[in-house]
Amino acid sequence: MLDCDVVVAGAGPTGLMLACELALGGARTVVVERRREPEKHSKAMGMQGRTVELLELRGLLDRFKEDAGVLRGGNFASLGVPMRFEEFDTRHPYVLLVPQLRTEELLAERARELGVRIVRGSAVTGFVQDADGVTVETGTGPLRARYLVGCDGGGSAVRKAAGIGFTGQDPHMYALIGDMRFSGDLPRGEGLGPMRPVGLVNPERRSWFGAFQHQPGVYRATVAWFDEPFPDRNAPVTEEEMRAALTEHTGGDHGMHDVTWLSRLTDVSRLADSYRRGRVLLAGDAAHIHLPAGGQGLNLGFQDAVNLGWKLAAVVRGRGTEDLLDSYQEERRPIADGVVRNTRTQAVLIDPAPRYEALRQTFRELMALPDTNRYIAGMLSGFDIAYGPGEHPLVGRRMPDAELLTASGPRRISDCFATARGLLLLPGRAAPAASPLAGWADRIDTVTAEKGAPEPATAYLIRPDGYVAWAGDPARHEELRRAATTWFGAAA
């Protein structure tokens with residue numbers, strides 16, 4: 001007997017968003033989390049533009065925008081060249097500054113609204129899978145489910161128990177990071193980018209200090225150096241260690257006081273060899289870890305969740321195929337590989353060794369070019385994600401959030417996805433009397449628009465995650481139905 005359809009290991013942003021997506025798709029979901037209480041300090045501090053768009057698709061953006069600031073311009077490798085996100089067709093060309101704790105709080109609230117059960121103090125200790133399901137051993141007893149998804153971080157117990165390799169590079173950058181106040185003046189240098197308006201680069205020492213104020217008087221401070229490992233990477237950071245690092249690399253502690261959080265950071269980067277083994281899947285940091293440069297980590301996991309959730313829910317409900325589930329790895333692993341590569345690039349560029357100055361200057365000049373700036377900005381923001389080519393240039397890409405004119409009045413495309421269903425957008429003048437996808441009405445909504453679509457004479461089949469599955473002549477019904485079958489299963 002099944003206790004649920006899916007067990008999600010981990011109640012971080014990835015696990016909680018995945019649980020919400022699964023619940024919207026009709027999959028009974030239990031989240032198990034080893035921590036008894038939520039973390040008291042935020043690691044990630046913001047959401048990139050594509051993540052903001054996904055929140056809007058699900059009707060959640062207003063919750064997240066409350067009291068949140070925005071950062072315009074972005075940053076790559078602390079080179080000080082702003083990213084021009086406004087070059088993209090988006091209503092959200094910015095980073096939304098929402099601390100991770102607030103993100104987890106809001107997603108847990110939403111998950112509970114959708115009927116998700118969240119069990120804290122219950123780590124996954126092992127599992128056994130068979131042809132019909134997976135039995136998950138947890139600290140509060142076994143759970144029987146159809147699938148298990150590991151969203152349990154870089155040290156993922158689920159990944160290790162599944163025997164999935166985690167291939168990558170060992171670190172060459174080491175850093176101490178924390179939240180604190182300063183009574184003295186902080187050093188101010190150049191080239192640390194918009195997220196670190198105060199800082200100091202020490203080329204001779206191959207180190208740098210950077211800080212930004214995320215609450216009145218409270219700074220997120222980082223001291224980083226290269227090729228001198230921590231004596232003990234797993235030891236807790238003490239105030240004395242942070243004070244000594246500040247003094248060694250900047251010449252003083254600058255009146256450091258009221259320290260509320262300290263941690264270690266490296267540029268270690270790894271990517272899971274596979275995102276799936278049978279009935280066990282991985283998402284978020286369990287599938288990929290990297291230097292948190294450019295603010296991509298939380299966003300990468302969040303988008304894993306939105307890609308996987310509707311597909312796994314469809315499989316659980318008997319409407320999706322194994323090929324649909326396999327498309328999760330096919331689509332998301334290359335995206336993670338790209339993030340791992342760009343953060344490895346950034347790790348070299350933020351090494352202040354004099355021998356890299358020519359490389360840094362070359363990158364500054366390249367990033368000033370519109371095409372290069374757009375390429376890097378699209379990579380950081382997620383606006384450039386493409387899930388395979390199609391006959392139409394929008395296939396595999398995010399659907400622009402146009403304002404449509406429908407028979408019932410104006411409506412934005414983003415307003416059509418709150419329940420995570422598919423969407424068939426038909427041009428008004430050529431629309432048939434009945435939807436050509438009437439057999440999929442239980443999972444695909446049909447909207448007819450007089451104007452507002454990117455190409456007025458084109459029909460669009462859009463996936464629940466906002467990516468275009470098919471685009472073409474609205475009269476090509478058989479072709480459209482084949483696409484609907486591929487992504488949404490057979491007609492009812």
Side-chain angles (χ1 to χ4, degrees), residues 10-21 31 33 35 37-75 83 85-86 88 90-114 118 151 153 177-179 193-197 211-222 260-261 263 283-285 292-306 309 339 377 380-383 401 414 417-418 465-466:
T14 300
L16 290 170
M17 188 62 191
L18 176 60
C20 292
E21 293 291 288
V31 178
E33 167 57 53
R35 299 170 297 173
E37 300 292 336
E39 293 282 2
K40 293 182 170 54
H41 305 285
S42 295
K43 295 180 181 179
M45 302 299 291
M47 294 180 164
Q48 295 283 0
R50 181 55 185 158
T51 303
V52 176
E53 289 182 339
L54 292 172
L55 288 172
E56 187 167 46
L57 288 184
R58 295 296 182 259
L60 298 174
L61 184 55
D62 286 346
R63 303 190 194 193
F64 282 80
K65 287 179 69 174
E66 187 175 349
D67 299 325
V70 298
L71 174 69
R72 298 185 183 273
N75 175 49
M83 298 290 96
F85 296 136
E86 65 276 6
F88 295 88
T90 180
R91 297 170 61 223
H92 306 289
Y94 53 79
V95 177
L96 187 66
L97 298 176
V98 184
Q100 183 173 333
L101 289 185
R102 181 62 174 158
T103 295
E104 292 184 9
E105 177 186 342
L106 291 171
L107 290 177
E109 175 186 275
R110 178 58 175 155
R112 292 189 177 99
E113 289 173 2
L114 294 169
I118 301 173
C151 304
I177 187 170
D179 291 339
M195 280 297 285
R196 297 188 182 90
F212 66 94
Q213 194 171 184
H214 63 90
Q215 297 178 39
V218 179
Y219 287 83
R220 172 66 54 88
T222 305
T260 57
W261 173 68
S263 187
D285 287 355
Q296 300 171 89
L298 179 149
N299 299 273
L300 187 59
F302 192 99
Q303 292 167 38
D304 285 348
V306 177
V339 172
L380 295 183
S381 63
F383 292 143
D401 187 18
S414 59
F417 292 92
D465 54 3

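Here the structure is a predicted model, which is why all the values come from computation and not from measurement.
Closest of all the heavy-atom pairs between Y219 and A211 is CD2-CB, 4.0 Å. The two residues M47 and V52 make their nearest non-hydrogen contact at O-CG2, 3.9 Å. The two residues F85 and T90 come nearest to each other via the heavy atoms O-CG2, 4.1 Å.
Once rounded to the nearest 0.5 Å, the distance linking CG of L114 with CD of E21 reads 9.5 Å. Between the CG atom of L298 and the OG1 atom of T103 there is a distance of 6.0 Å, given to the nearest 0.5 Å. Distance check: L71 CG to M45 CE gives 11.5 Å after rounding to the nearest 0.5 Å. Remark: R50 CZ to S381 OG distance equals 10.0 Å, nearest 0.5 Å. Here the straight-line distance linking atom CE of M83 with atom CG of L380 works out to 6.5 Å at 0.5 Å rounding. For the atom pair CG (L97) and NZ (K65), the distance works out to 13.0 Å, reported to the nearest 0.5 Å.
Residues passing the side chain to side chain donor-acceptor pair (under 3.5 Å) test with S414, sequence neighbours excluded: D401. Applying the side chain to side chain donor-acceptor pair (under 3.5 Å) criterion to Q296, with sequence neighbours excluded, gives N342. Applying the side chain to side chain contact (heavy atoms under 4.5 Å, CB included) rule to E86 yields the partners R84, P93; only residues at least two apart in sequence or on another chain are considered. For F64, the ring-ring contact (aromatic ring centres under 6.0 Å, His included) test picks out no residue, with sequence neighbours left out. Applying the side chain to side chain contact (heavy atoms under 4.5 Å, CB included) test to T14 and every residue at least two apart in sequence or in another chain returns C151, A283, A305. Taking the salt bridge (Lys or Arg N to Asp or Glu O under 4.0 Å) definition, one finds that D465 meets it with R463, sequence neighbours left out. Under the salt bridge (Lys or Arg N to Asp or Glu O under 4.0 Å) criterion, D179 pairs with R220, not counting sequence neighbours. Listed by chain and number, the residues in a side chain to side chain contact (heavy atoms under 4.5 Å, CB included) with A111 are C20, V116, I118 (sequence neighbours excluded). Y94 meets the side chain to side chain donor-acceptor pair (under 3.5 Å) test with H92; sequence neighbours excluded. Remark: H41 pairs with T260, W261 by the side chain to side chain contact (heavy atoms under 4.5 Å, CB included) rule, at least two apart or across chains.
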Working for side-chain contact (heavy atoms from CB on, under 4.5 Å), residues E39 and Q100: CA-CA 9 Å; E39 293 282 2; Q100 183 173 333; over 6 Å; no
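The shortest distance between side-chain heavy atoms of Q303 and L54 falls below 4.5 Å. You'll find the side chain of L96 reaches within 4.5 Å of the side chain of L61, heavy atoms only.
Between F383 and F88, the ring-plane angle classifies as tilted under the 30° and 60° cut-offs.
Listed by first and then second residue, the salt bridge (Lys or Arg N to Asp or Glu O under 4.0 Å) pairs involving residues 292-301 amount to none (not counting sequence neighbours). Annotation: salt bridge (Lys or Arg N to Asp or Glu O under 4.0 Å) contacts involving residues 95-111, sequence neighbours excluded, comprise R35-E104, R63-E109, R102-E105, R110-E113.
Without hydrogens or angle criteria, Q48 side chain to G74 main chain gives no donor-acceptor distance under 3.5 Å. Side-chain atoms of S42 come within 3.5 Å of backbone N or O of L101 as a donor-acceptor pair.
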